[in-house]
There are 2 protein chains.
Amino acid sequence: MTVSKTAADAAKVSRPVAGQDLDASSDDGLLQLGELSGLLGYSLKRAQLRVFEDFLRCVAPLQLTPAQFSVLLLLDQNPGRNQTEIANTLGILRPNFVAMLDALESRELCARMRSASDRRSHILVLTDKGRAVLARAKKLVANKHEARLIELLGPESHAALLEMLAKIAREF
Amino acid sequence: MTVSKTAADAAKVSRPVAGQDLDASSDDGLLQLGELSGLLGYSLKRAQLRVFEDFLRCVAPLQLTPAQFSVLLLLDQNPGRNQTEIANTLGILRPNFVAMLDALESRELCARMRSASDRRSHILVLTDKGRAVLARAKKLVANKHEARLIELLGPESHAALLEMLAKIAREF
DNA sequence: CGACGTTTGATATATCGGATAACAATTATC
DNA sequence: GATAATTGTTATCCGATATATCAAACGTCG
């Protein structure tokens with residue numbers, strides 16, 4: 001879709017805002033975010049992107065994404081669970097969880113084992129390597145990632161932030 | 001990639017956690033999020049998904065996504081800007097912004113007009129319809145969406161949350 | 001002026017997360 | 001024992017995101 005209109009053709013567009021020419025091409029300077037700054041969803045998304053970006057940097061030596069880290073953590077704290085249970089509590093759809101597990105399993109961080117009591121389901125277990133990687137990842141996250149966040153916000157604000165986000169995720 | 005291991009084949013996996021059989025298949029009850037709840041990135045993402053979901057519901061009558069709403073808002077507050085400027089301040093890559101604008105323009109919410117001073121760039125303008133839709137959207141967002149959030153958190157916590165998220169987006 | 005590099009919008013394309021439908025194997029229900 | 005439900009899986013689609021490349025238009029500078 002190409003455009004043929006010119007600035008002089010401001011027919012239906014109207015309101016060239018008196019004293020604001022379409023050719024005053026450069027008011028250099030940052031654009032006004034305006035009411036956007038008051039939109040919680042906007043700041044939320046922006047902050048989330050930054051935090052994930054930093055998470056990736058901090059844990060880069062272990063080549064773990066936030067999602068993969070969360071799977072390992074959950075497996076460690078909930079042994080004997082199958083794919084559906086783990087995927088559900090992380091909000092991952094079962095079909096999408098398959099490839100994720102394939103990746104983790106191919107790196108020998110976890111393993112699927114057929115349950116003897118229900119031969120449909122796969123019991124998920126961390127391997128020793130998986131536990132080792134998780135332990136190193138936890139340290140990197142705590143010392144490099146979360147530490148920086150706490151330093152930025154202050155410990156009490158950080159705790160309050162966590163509390164509010166959890167509340168939103170839970171009750172909103 | 002299929003799996004042939006059985007639970008009895010827990011060779012290298014080890015630590016079946018004494019007293020925790022792989023066949024105790026159902027400890028029904030919610031899984032332990034554990035240290036995941038302390039991970040800011042995790043709560044951040046979860047909260048963001050909830051908030052966007054609610055945003056979509058609230059503004060559904062106008063068929064606007066959060067990204068589209070942010071574009072309209074930005075256009076309104078920064079007239080006379082071109083695609084690159086708007087896309088950059090929203091963190092949208094120029095190639096991806098093209099289709100977004102096509103969609104908004106096909107609905108006659110905004111228009112691209114060739115600048116007389118630089119015939120490469122398109123000056124973006126809200127149409128009257130665009131301004132009308134934006135006005136309605138702002139009301140829906142304020143009265144239905146943000147209002148619910150403020151009710152949940154309380155006004156002062158809501159403000160503090162906004163402040164912290166902005167700080168993360170800005171300084172982290 | 002004219003060659004050269006840059007910028008702008010656009011196209012094509014790749015990747016990734018997320019969603020649905022469908023299937024075989026297995027289990028549960030009646 | 002027939003039927004329904006569950007588990008893991010595949011295929012597929014959609015949306016957001018990322019890069020390379022292009023033509024047209026600009027800026028610079030010899």
Using nucleotides 28-30 of chain C, report all nitrogen or oxygen pairs with the protein that are shorter than 3.5 Å.
none

Apply side-chain hydrogen bond (donor to acceptor under 3.5 Å, both in side chains) to [X] and list each qualifying residue two or more places apart in sequence or on a separate chain.
{"X": "B:R136", "answer": "none"}
{"X": "A:N88", "answer": "A:R94"}
{"X": "A:R148", "answer": "A:D54"}
{"X": "A:R107", "answer": "none"}

Handout entry: ring-ring contact (aromatic ring centres under 6.0 Å, His included) involving B:F69 - partner list, sequence neighbours excluded
Key = B:F55

Practice task
Apply the test side-chain contact (heavy atoms from CB on, under 4.5 Å) to residues A:S115 and A:N82: give CA-CA distance (whole Å), side-chain angles for both, the deciding distance (0.1 Å), then the verdict.
Solution key: CA-CA 9 Å; A:S115 159; A:N82 63 25; over 6 Å; no

Enumerate donor-acceptor pairs with a distance under 3.5 Å from any side-chain N or O in residues 154-172 of chain B to protein atoms, sequence neighbours excluded.
residue: B:H158; atom: NE2; partner: B:E146; partner atom: OE1; Å: 3.4

By nearest atom, which of the nucleotides [options] is closest to the [X] side chain?
{"X": "A:N82", "options": "D:dG8, D:dT17, C:dG9", "result": "D:dG8"}
{"X": "B:H122", "options": "D:dA16, C:dA10, D:dG8", "result": "C:dA10"}
{"X": "A:R119", "options": "D:dG8, C:dT26, D:dA18", "result": "C:dT26"}
{"X": "A:L93", "options": "C:dG17, C:dA19, D:dA18", "result": "C:dA19"}

Handout entry: Other ILVMFWY residues reachable from B:I150 by side-chain steps of under 4.5 Å
Key = none

Exercise for the section: Can you run down the ring-ring contact (aromatic ring centres under 6.0 Å, His included) pairs that involve residues 84-111 of chain A, sequence neighbours left out, and say none if there aren't any? Expected result: none

Fill in the blank from the handout: Of A:L49 and A:L101, the one whose closest nucleotide on DNA chain D sits nearer the 5' end is A:L101

Practice task
Specify the residue among A:P95 and B:P95 whose closest nucleotide of DNA chain C lies further upstream toward the 5′ end.
Solution key: B:P95

Problem - End axis versus end axis in the helix from C:dC1-D:dG30 to C:dC30-D:dG1, the angle rounded to 10°, five pairs used at each terminus - result: 10°

Report all side-chain donor-acceptor pairs from residues 35-45 of chain B shorter than 3.5 Å, counting only partners two or more places apart or in another chain.
residue: B:E35; atom: OE2; partner: A:Q77; partner atom: NE2; Å: 3.2
residue: B:E35; atom: OE2; partner: A:K138; partner atom: NZ; Å: 2.6
residue: B:S37; atom: OG; partner: B:G34; partner atom: O; Å: 2.8
residue: B:Y42; atom: OH; partner: B:R46; partner atom: NH1; Å: 3.4

N/O contacts under 3.5 Å, protein versus nucleotides 13-15 of chain C?
none

Practice task
Working to the nearest 0.5 Å, report the span between CG of A:L75 and CG of A:L104.
Solution key: 8.0 Å

Problem - Residue-phosphate contact under 4.0 Å: B:Q83 side-chain N/O, C:dA10 OP1/OP2 - result: yes

